[in-house]
Amino acid sequence: MNLPIKNLVMVADYLSAITSLQDVLVKIAAAIGGVIIVYGGIKFALAFQKLDQQGEHQATFTIVAGGVLLGLSGIVSLLGA
């Protein structure tokens with residue numbers, strides 16, 4: 001299939017826009033994941049200080065959720081590169 005050069009340039013422009021949007025979304029997700037991990041760490045420290053086991057479990061889940069978000073953003077950025 002022979003596409004004119006004009007059509008190839010238009011496809012490349014669309015792909016560069018989608019790639020830059022993907023990069024921005026991955027960076028935002030990584031930043032949010034980092035904030036969630038820090039928040040979970042603070043939550044865990046406060047629950048540990050109060051000897052609150054339920055709070056410790058919830059904080060652990062918060063830390064894991066932040067780690068998953070951070071990990072998924074890393075995997076998506078590696079696959080997109």
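Counting begins at 1 with the first residue of the sequence. Values below: every heavy atom of this structure, side chains too, minus hydrogens, waters and symmetry copies.
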Task: Value rounded to 0.5 Å, distance of CD in Gln49 from CZ in Phe44 - done: 12.5 Å
- [ ] Treat each ILVMFWY residue as a node, draw an edge where side-chain heavy atoms are under 4.5 Å apart, and state whether Leu70 and Val24 are in one component.
- [x] no
Open item on the list: Are Val68 and Val35 linked, directly or through intermediate hydrophobic residues, by side-chain heavy-atom contacts shorter than 4.5 Å (ILVMFWY only)?
Closed with: no
Open item on the list: With a 4.5 Å cut-off on side-chain heavy-atom distances among I, L, V, M, F, W and Y, is there a chain of contacts connecting Ile32 to Ile63?
Closed with: no
Task: Non-hydrogen atoms of Gly55 and Ala47 that approach each other most closely - done: C-CB, 3.6 Å
Task: 4.5 Å side-chain heavy-atom contact, Glu56 and Leu51 - done: no
Open item on the list: Restricting to non-hydrogen atoms, name the atom on Lys43 and the atom on Thr62 that form the minimum distance, rounded to 0.1 Å.
Closed with: NZ-OG1, 3.6 Å
Open item on the list: My understanding is that a hydrophobic cluster links ILVMFWY residues whose side chain heavy atoms are under 4.5 Å apart, including indirect links. Using that, what else belongs to the cluster containing Leu25?
Closed with: Leu21
Open item on the list: Restricting to non-hydrogen atoms, name the atom on Ser77 and the atom on Val26 that form the minimum distance, rounded to 0.1 Å.
Closed with: CB-CG1, 3.7 Å
